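I have placed the structure first, in the form of structure tokens, so that the comments after it can refer back to it.
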Amino acid sequence: MDPLRSSFLFVFVFVAAIACAQNVTNSTYDPLHSLTWTTGNVFAGATMPYGMAKAVADVDSDSNQGGFTSEGGKVTGFSSMHDSGTGGSPSLGNFAFFPYANCAGDDVNGCTYPKNARKVSYVNNSVKASPGYFSIQLSSGVTVDMTAAHHTSLFRFKFSDSSNGSPLVLLDLTDLANSRQDNATIHVDGPSGRMTGSARFLPSFGSGNFVAYFCADFHGANIRDSGIFANSRASADVKDLKISRGINGFPLPGGGFIRFDSGSEPILARLGVSLVSSDRACSHAEAEIPEFDFETTQKGAVDAWRSKLSPVKVSTTGVSASLLTNFYSGIYRTMVNPQDYTGENPLWQSDEPYFDSFYCLWDSFRSQIPFLTILDPESVTRMIRSLIDTYTHLGWLPDCRMSLCKGFTQGGSNADVVLADAFIKGLKDSIDWDTGYAAVVKDAEVEPYDWSNEGRGGLDSWKALGYIPVQDFDYKGFGTMTRSISRTLEYSYNDFVISQIAAGLNKTADVEKYEARSSNWKNLFKPDQTSFKPNGVNTGFVGFFQPKYLNGTWGYQDPLKCSNTDLDPNSICSLQNTAGETFESSIWEYSFFVPHDQATLIYTFSGPAAFVRRLDYLHNQNITYIGNEPAFLTVFQYHYAGRPALSARRVHSYIPAFFSPTAAGLPGNDDSGAMGSFVAWAMMGLFPNPGQDVYLITPPFFESVSVTSPLTNKTATIRNLNFDPSYAAVFVQSAMLDGEVYTKNWVDHSFFTEGKGARADARAE
Ligand SMILES: *[C@@H]1O[C@H](CO)[C@@H](O)[C@H](O)[C@H]1NC(C)=O
Ligand SMILES: *[C@@H]1O[C@H](CO)[C@@H](O)[C@H](O)[C@H]1NC(C)=O
Ligand SMILES: *[C@@H]1O[C@H](CO)[C@@H](O)[C@H](O)[C@H]1NC(C)=O
Ligand SMILES: *[C@@H]1O[C@H](CO)[C@@H](O)[C@H](O)[C@H]1NC(C)=O
Ligand SMILES: *[C@@H]1O[C@H](CO)[C@@H](O)[C@H](O)[C@H]1NC(C)=O
Ligand SMILES: *[C@@H]1O[C@H](CO)[C@@H](O)[C@H](O)[C@H]1NC(C)=O
Ligand SMILES: *[C@@H]1O[C@H](CO)[C@@H](O)[C@H](O)[C@H]1NC(C)=O
Ligand SMILES: *[C@@H]1O[C@H](CO)[C@@H](O)[C@H](O)[C@H]1NC(C)=O
């Protein structure tokens, strides 16, 4: 609960913030010039911060969840909606365009319409990506570049073979996952070439379905003819199509096409998207990109990104270009998702903001949304209002949400942590905290009928027994009856953060109630549990969480099951019905997930030295996997045993070894920017324990870092005395905060809002 309960090995030394702020900025370094995102299923295309229109080339490779990947594959089209860094099925990818310099025999039926038949390779090294811009050359000779406004994308098709023929651009009523449902429609307006329509699709990691609308307009050459295609045939005589989902599981190709007299000038295709209506998609497009002006649209996106990244400045002295790219690219990715769909939510009437693509809060509660709280508190305030409004209208906070649909819950009700983190960090402006509090209390008290999509399961047992039993008797609500250990741990933490909001709202009785429940993690701790490796070697550690039945008898799960070293093909570790008692990780790793009571956990593990040995074993034996979010906090938990230098050393063992701006540079899916936020925090030298007013200090990867609070305009500065670009000297010897000797290994949120200055003197071991 209180990091101060542990003793600390170092002392700090401080200078005034204003004095050192001057030296921090390097005005010749432009972070936007070096961004890269070629890995981790990250969306690589053109978007505004939190933008709804996301334009990119879609490829057919196995990891095309975000549309494009650099691992190869053929381009199937150019679509306008995407998510970023997700796993599983590809997300969105709706309403792709596809260009032809001409059709064989000058006949529209000489072009190839179905996605699988038309796809084409691209020219290696032709891809260019920068904020608000993506460009690629197809092996067919067509070069396509694109930019985006908030709800509108703009594609520019350049035909190398422009001397002869009549270019054709098709618009496909499909998405990346071929999830289109029955009765998609398109109308093509002959004289103008405008295409409008809609289709119903499925979300990629959730329940239900959604309808997306589009409005396409073209510019740059005289229109020769236009019409629709169905399957492999097209006709300019038909302007309307309503198409079925498919036959025998085969998704039926269908959509519109437009042909032009000449391809000697680039042809611009503008696509507005909406989740409300085609009319709305058209009005977005007309308002946002009225003149088809590519450069102005691109400049709008670049300016928006520059402004969003501007609060963070680092000294570039001695720091490699690769590390700088790593850092700013990580920051960039935190603002690709979630997406701001305000005004685009057809599900309920409200004047509140509406954000979507919280994909998933299980990933982003840990460090991404806390990161945005320092960099972009205004947007986080709007996200919190959106989450609360979602509760108001759907009855529950989401744990995951995409494409207007409920996403699957992976563990606890972690929106509770998102709300608590914002609450204790003072986000107040127009947030209805009474309703916010009612929302988190409902998670803790009321079991939903379907807890695969919201809330928590097993609440009767939770309240009566103080743990989630393995093979629980739960007849009030239904969900995947696995993960009893990781759910117990997450519910404990969720209850703790509810107690934090309760304290701020003076709800004294609730503070006691939820603090008491927050210690439920203790009920699954089995002090005599041992852990052996598959080869029979004893890890030497005793005392692990174990599953427990309703009757109080212990069950058993190997503490190394589902760890990074578990090679057993029969280990099922995700949301399957046959999975075990920990979600996507091992009991070993979850052993450390008691973020609110490290003091008791350290005592439970036989004291600070034994705790440090166990953390070392977790990392050194590769039991943990830094490519999944539960690992994040374990990198820094040495702080709680009074060994912050070991956290610093551990950070450098993972960055850049596991996080670098290269093709295979991320250890796992970026998860909507969660990995990006880990890199950004770690390199800044602070790491949040979300839901608590705590940032754990390690030496930054830079001689200095400054962050200007967008709320107060005050600038917080962290300086590294004796900065060592080889990162041998990463052990803080002494520190100062605002000119006073500082002996804690953490700061609180006022560091950012009050613009404090920290200075640490780091030396080699
Ligand atoms: C800025 O940097 C210069 C050169 O490293 C140094 O001499 C000066 O003291 C620094 N100024 C402040 C205010 O830290
Ligand atoms: C592009 O690179 C990929 C992967 O290196 C290779 O398989 C492919 O043949 C290359 N394509 C061309 C057109 O050179
Ligand atoms: C699709 O259209 C057909 C024919 O008009 C109609 O019978 C059917 O109910 C529609 N399906 C859906 C899901 O709306
Ligand atoms: C500023 O950034 C530029 C471009 O990255 C670099 O060449 C220069 O060395 C940096 N200067 C300082 C003082 O960090
Ligand atoms: C809680 O109580 C304190 C002390 O009485 C008071 O200052 C504060 O305004 C109260 N907060 C709320 C939200 O009622
Ligand atoms: C408790 O329940 C488990 C699972 O049904 C069973 O294996 C065990 O024998 C029971 N223990 C007692 C003491 O009845
Ligand atoms: C852990 O993984 C790294 C590579 O990522 C490897 O070099 C090291 O030998 C592994 N350690 C153990 C104990 O398996
Ligand atoms: C911060 O600076 C901006 C731009 O100069 C200004 O509009 C805003 O009022 C300032 N906010 C505060 C709290 O000073």
Side-chain angles (χ1 to χ4, degrees), residues 17-18 21 25 39 303-304 306-313 373-379 381 425-430 458 461 464-465 467-474 481-482 484-485 523-524 526 531-541 546-557 559-560 563-568 580-581 585-586 588-589 613-628 631 634-635 649-660 662 664-668 706-716 749-750 752-756:
I18 306 215
T25 309
T39 181
D303 288 350
R306 199 181 295 290
S307 159
K308 287 295 184 195
L309 266 52
S310 68
V312 181
K313 302 256 187 330
T373 298
I374 60 158
L375 218 66
D376 191 4
E378 191 187 326
S379 293
T381 298
K425 290 170 183 171
L427 296 191
K428 296 229 161 55
D429 190 29
S430 52
S461 294
L465 302 173
Y467 60 94
I468 296 299
V470 55
Q471 293 173 23
D472 195 11
F473 177 52
D474 185 359
M481 296 286 283
T482 56
S484 63
I485 294 174
N523 297 327
L524 292 189
K526 189 160 179 278
S531 168
F532 287 76
K533 292 191 165 186
N535 62 7
V537 169
N538 191 346
T539 65
F541 294 91
Q546 282 293 297
K548 199 187 259 183
Y549 291 103
L550 270 163
N551 61 11
T553 298
W554 289 109
Y556 175 71
Q557 178 173 311
L560 286 168
S563 76
N564 189 39
T565 56
D566 180 358
L567 302 177
D568 181 353
E581 303 312 316
S585 188
S586 60
W588 253 93
E589 183 166 85
R613 273 200 304 280
R614 205 184 268 235
L615 262 182
D616 274 344
Y617 198 86
L618 175 85
H619 291 286
N620 292 341
Q621 300 294 315
N622 297 337
I623 295 169
T624 188
Y625 173 51
I626 199 65
N628 208 6
T634 66
V635 173
R649 186 158 69 186
R650 193 58 71 185
V651 167
H652 286 277
S653 79
Y654 287 123
I655 302 173
F658 288 79
F659 298 85
S660 63
T662 61
L666 278 186
S706 73
V707 184
T708 302
S709 166
L711 290 182
T712 62
N713 292 341
K714 292 183 180 167
T715 298
H749 191 61
S750 69
F752 293 107
T753 52
E754 298 299 317
K756 295 183 181 176

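In this chain, numbering begins with 1 at the start of the sequence shown. Order of listing sets the numbers, starting from 1, for every ligand and every atom in it. Owing to the predicted nature of the structure, the values given are computational and were not obtained by experimental measurement.
Nearest heavy atom pair, residue Pro469 against residue Ser461, reads CD-CB, 3.4 Å.
Atom OH in Tyr467 sits 6.0 Å away from atom CG in Leu550 (nearest 0.5 Å). With rounding to the nearest 0.5 angstrom, the CG atom of Asn523 is 9.0 Å from the CG atom of Leu465.
Put simply, the side chain of Met481 reaches to within 4.5 Å of the side chain of Asp472, judged on heavy atoms. You'll find the side chain of Val635 reaches within 4.5 Å of the side chain of His619, heavy atoms only.
Under 3.5 Å, the side chains of Asp429 and Thr381 contain no donor-acceptor pair of N or O atoms.
Near Asn620, meaning under 4.0 Å from one of its heavy atoms, ligand 7 places the atoms 11 (N), 13 (C). Counting atoms of ligand 8 from 1 in the listed order, those under 4.0 Å from a heavy atom of Leu711 are 13 (C). The Asn622 neighbourhood of ligand 7 comprises atoms 1 (C), 2 (O), 3 (C), 8 (C), 10 (C), 11 (N), 12 (C), 14 (O), with distances under 4.0 Å to a heavy atom of that residue.
With sequence neighbours excluded, the residues that form a side chain to side chain contact (heavy atoms under 4.5 Å, CB included) with Asn620 are Asp616, Arg650.
Annotation: Asn713 places an N or O atom under 3.5 Å from an N or O atom of ligand 8; distance criterion only.
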Can you give me a line-by-line list of nitrogen or oxygen pairs between ligand 6 and the protein shorter than 3.5 Å?
residue: ligand 6; atom: 2 (O); partner: Asn551; partner atom: OD1; Å: 3.4
residue: ligand 6; atom: 2 (O); partner: Asn551; partner atom: ND2; Å: 2.4
residue: ligand 6; atom: 11 (N); partner: Asn551; partner atom: ND2; Å: 2.8
residue: ligand 6; atom: 11 (N); partner: Thr553; partner atom: OG1; Å: 2.9
residue: ligand 6; atom: 14 (O); partner: Asn551; partner atom: ND2; Å: 3.4

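Within the 4.0 Å heavy-atom cutoff, Thr565 does not count among the residues contacting ligand 7.
In this structure, the side chain of Ser750 does not engage the main chain of Thr753 through any donor-acceptor pair within 3.5 Å.
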